Amino acid sequence: MPTSFEDRVYAALKKVPRGRVTTYKILAGQVGCCSARAVGQALKRNPFAPRVPCHRVIASDLRIGGFGGRCSGPQIRRKRALLASEGVLFSKGVLADPARVFRFFP
DNA sequence: CACCGATGTCCAA
DNA sequence: TTGGACATCGGTG
């Protein structure tokens, strides 16, 4: 069962519209903490997967980051495909269009 | 370019 | 209650 921290992470993640992506740092700031690592753990646990679009979360460097518990592998390929299906294209593991990053504070 | 510490949370013993 | 782990970030050499 999700903790209050995870609940905030998922709530903020659900606010991300389709076709947009967010970063661990931004998500962490939304949930009220400065540790992106904590968010990563919450997403890894992701009890609501795939109901929660955890694939819309990337690293602050606009890199795909990790997925499925690793930085590369079949899961990462799936992540990139899902994002591409939503209009978010990646190039060499880096977000091709940084403008696709959704910020909670416009 | 590469390495290390910092940061917040979760899990297991 | 204590220690280790994590899908990271940022600064420094």
Side-chain angles (χ1 to χ4, degrees):
Chain A
M1 48 201 305
T3 67
S4 54
F5 173 75
E6 291 176 352
D7 186 48
R8 287 173 211 180
V9 175
Y10 305 137
L13 190 55
K14 280 191 218 163
K15 284 186 178 180
V16 179
R18 183 173 161 285
R20 295 279 141 128
V21 288
T22 190
T23 71
Y24 294 100
K25 190 83 191 280
I26 295 170
L27 205 59
Q30 271 300 301
V31 301
C33 84
C34 303
S35 181
R37 240 172 151 176
V39 176
Q41 254 198 7
L43 293 179
K44 180 184 167 197
R45 299 246 143 234
N46 196 357
F48 293 97
R51 286 155 239 228
V52 172
C54 48
H55 57 271
R56 286 186 199 157
V57 186
I58 61 176
S60 66
D61 299 276
L62 305 183
R63 287 190 282 178
I64 290 186
F67 196 73
R70 258 178 133 86
C71 321
S72 59
Q75 305 278 34
I76 288 286
R77 201 170 73 166
R78 177 80 173 144
K79 179 174 179 175
R80 189 164 63 182
L82 284 166
L83 291 173
S85 197
E86 295 183 355
V88 184
L89 302 176
F90 279 83
S91 179
K92 300 196 173 198
V94 187
L95 183 63
D97 190 352
R100 300 277 187 204
V101 177
F102 177 79
R103 302 193 190 179
F104 294 86
F105 43 88

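Just so you know, these numbers come straight off a predicted model, no measurement behind them.
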S.K.: Which residue lies toward the 5' end of DNA chain C, K25(A) or L43(A), if each is placed at its nearest nucleotide?
M.R.: L43(A)

S.K.: For a quick check of understanding: with a heavy-atom distance under 4.0 Å over all strands, which category does F5(A) fall into, base, sugar-phosphate or nothing?
M.R.: sugar-phosphate

S.K.: According to the Watson-Crick and G-U wobble definitions, with both distances under 3.5 Å, which nucleotide is paired to dT7(B)?
M.R.: none

S.K.: Taking atom P of dT8(C) as reference, at what distance in whole Å does atom CD1 of I64(A) sit?
M.R.: 13 Å

S.K.: Starting from P on dA7(C), measure out to CG on L82(A) and report it in whole angstrom.
M.R.: 19 Å

S.K.: What pair of heavy atoms forms the shortest contact from I76(A) to G66(A), and how long is it?
M.R.: CD1-C, 3.7 Å

S.K.: Could you check whether E6(A) gets within reach of a base, just the sugar-phosphate, or nothing at all, counting any heavy atom under 4.0 Å?
M.R.: sugar-phosphate

S.K.: Are S35(A) and dT9(B) close enough that a side-chain N or O sits under 4.0 Å from OP1 or OP2?
M.R.: no

S.K.: Is it the case that the side chain of K14(A) and the backbone of P53(A) share a donor-acceptor pair, with hydrogens and angles ignored and the cut-off at 3.5 Å?
M.R.: no

S.K.: Choosing from dG8(B), dC9(C), dA7(C), which nucleotide comes nearest the side chain of F67(A)?
M.R.: dA7(C)

S.K.: In whole angstroms, how far is the P atom of dC9(C) from the CD1 atom of I58(A)?
M.R.: 9 Å

S.K.: Quickly work out the L27(A) CG to dC9(C) P distance and round it to whole Å.
M.R.: 12 Å

S.K.: In whole Å, what is the span from the NZ atom of K44(A) to the C1' atom of dA5(C)?
M.R.: 8 Å

S.K.: Can you tell me the pairing partner of dA2(B) across any strand shown, Watson-Crick or G-U wobble, with both distances under 3.5 angstrom?
M.R.: dT12(C)

S.K.: Give a yes or no on whether the backbone of A38(A) and the side-chain of Y24(A) come within a donor-acceptor separation of less than 3.5 Å.
M.R.: no

S.K.: So, is R45(A) close to the dC11(B) phosphate, meaning a side-chain N or O under 4.0 Å from OP1 or OP2?
M.R.: yes

S.K.: What is the separation between atom CG on D61(A) and atom C1' on dG11(C), rounded to the nearest whole Å?
M.R.: 13 Å

S.K.: Whole angstrom is fine here: how far is it from CZ in R77(A) over to C1' in dA7(C)?
M.R.: 19 Å

S.K.: How far does CG of L13(A) sit from CZ of R51(A), to the nearest 0.5 angstrom?
M.R.: 14.5 Å

S.K.: Please state how far atom CZ in R78(A) lies from atom P in dA7(C), giving the value in whole angstrom units.
M.R.: 20 Å

S.K.: Given that Q41(A) and R37(A) both sit by DNA chain B, which one's nearest nucleotide is further toward the 5' end?
M.R.: R37(A)

S.K.: Could you tell me whether the side chain of T23(A) and the main chain of I26(A) form a donor-acceptor pair under 3.5 Å?
M.R.: yes

